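For reference, the structure is listed below as structure tokens.
Chain letters run A, B, ... following the sequence lines, proteins first and then strands; every chain starts at 1. Keep in mind it's a predicted model, so treat the numbers as computed, not measured.
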Protein chains: 2
Amino acid sequence: MMGEDKFDTSPEWVDGETKALEAPGDHRAELRLWLRLLTCSTLVESEIRRRLREEFDSTLPRFDLMAQLERAPDGMVLGEVSKRMMVSPGNITVLVERLTESGHISRTTLPTDRRVQVIALTPFGRAEFEKMAATHADWISDLFAGVSPKEGGVLMDELAKLKRSVISALAKNT
Amino acid sequence: MMGEDKFDTSPEWVDGETKALEAPGDHRAELRLWLRLLTCSTLVESEIRRRLREEFDSTLPRFDLMAQLERAPDGMVLGEVSKRMMVSPGNITVLVERLTESGHISRTTLPTDRRVQVIALTPFGRAEFEKMAATHADWISDLFAGVSPKEGGVLMDELAKLKRSVISALAKNT
DNA sequence: CAAAACAATTTTAAGCTTGAAATTTATTCT
DNA sequence: AGAATAAATTTCAAGCTTAAAATTGTTTTG
């Protein structure tokens, strides 16, 4: 999905009227928007992955999993973690295995329902995560430094609309 | 990086003055923006992957590679493909192997420099890609249907600013 | 003209990711 | 209670991804 021109900032979208004159099935504007969105998130994401590896010898999935657990002091059920991270359940299994081995998280089988595994940050895991989280926040702040608070606000709002659009389209095709 | 609240649309950003009053090292606004951006692109991307698999028995990387080649009728050098797709060179090797096996692309060693491989869409590959591309454009249009042309224009512009911000931050830390 | 430097690509090792099938455990329904 | 159903998790097979090392081929330079 990559390949957007590197510095294309000209206005690509047209007003509704002009759009109506386009050939049927012409979705260029949406495609360009999607490519730009994807370019932005890929740029940020791969840089964050790189830095996590270099500076903490860790990975984004590990960081994300611990981030979920940080806000759940009493731990979280595996299925819930999987939903929140938007990844498949099988994925969580391996992550949890490794984070347990390395002592970052604990895992307990729920006594009342032995199908259910609850995981939580260990004190060590929490301490490690807090170090990483602070640095991570600085990285993001750095990468986003050229976006003013006002522009950031606009982006938040417009992305909220996009998110609703996508979620509602997904709900329809069920 | 997932885990943003599902329908959070309240204004998270504050004006510059309020921001100045926040504790030093408080990067919540940027973090929330990043999470929202990532949520949007993950939602779209995973749906596109799913549909490519279900309807065309294909994958996003394959589609992307062919999309690059479509605009290069005379073919493209592997290294160039790798750069445009923003993936590591080793990645391209495997993709090219499989797309060659399946007859979608051809590969030629440059006679003047035998290190260099040039790949191009075969007529079959081009025909297949065109079918996929048309459907793919419809999918995106569908997912983005709730975003008006005007809102899309705003998003394009704001994402352009973000992209410049990220690229310039990456250029600095070299 | 060799030797060193450089460039393009492939290989390797490790980890991530998915969907589907299998397992284990609980619940519901005769 | 026993059978079917459902739920939570794990296993499996296949493919993607990366960085680093290794290959292969070209160019530059002493």
Could you state the [atom1]-[atom2] distance from [X] to [N], rounded to the nearest angstrom?
| X | N | atom1 | atom2 | value |
| --- | --- | --- | --- | --- |
| A:L60 | D:dT18 | CG | C1' | 14 Å |
| A:D57 | D:dA20 | CG | P | 12 Å |
| A:Q117 | D:dT10 | CD | C1' | 10 Å |
| B:F63 | D:dC16 | CZ | P | 15 Å |
| B:R107 | C:dA8 | CZ | P | 16 Å |
| A:E45 | D:dT17 | CD | C1' | 12 Å |
| A:L110 | D:dA7 | CG | C1' | 13 Å |
| A:R51 | D:dT18 | CZ | P | 17 Å |

Can you build the contact string for nucleotides 13-24 of chain C? Use B for base contact, S for sugar-phosphate-only contact, and - for no protein heavy atom under 4.0 Å. --SSSBS-----

Of the candidate nucleotides D:dT11, C:dA8, D:dT9, which contains the atom at the shortest distance from the side chain of A:E97? D:dT11

Contacts satisfying ring pair (Phe, Tyr, Trp, His ring centres under 6.0 Å) that involve residues 77-102 of chain B (not counting sequence neighbours) are none

Scan for ring pair (Phe, Tyr, Trp, His ring centres under 6.0 Å) pairs involving residues 99-121 of chain A, sequence neighbours excluded, and state none if there are none. A:H104-A:F124

By nearest heavy atom, map B:I92 and A:T112 onto DNA chain C; which one lands nearer the 5' end? B:I92

Partners meeting side chain to side chain contact (heavy atoms under 4.5 Å, CB included) with B:S46 (sequence neighbours left out): none

Set of residues satisfying salt bridge (Lys or Arg N to Asp or Glu O under 4.0 Å) with respect to A:E55, sequence neighbours excluded: none

Check for me whether the distance between the ring centres of B:F63 and B:F129 falls short of 6.0 Å. yes

Pairs flagged by side-chain hydrogen bond (donor to acceptor under 3.5 Å, both in side chains) wherever residues 119-130 of chain A is involved - sequence neighbours left out: A:E128-A:K131

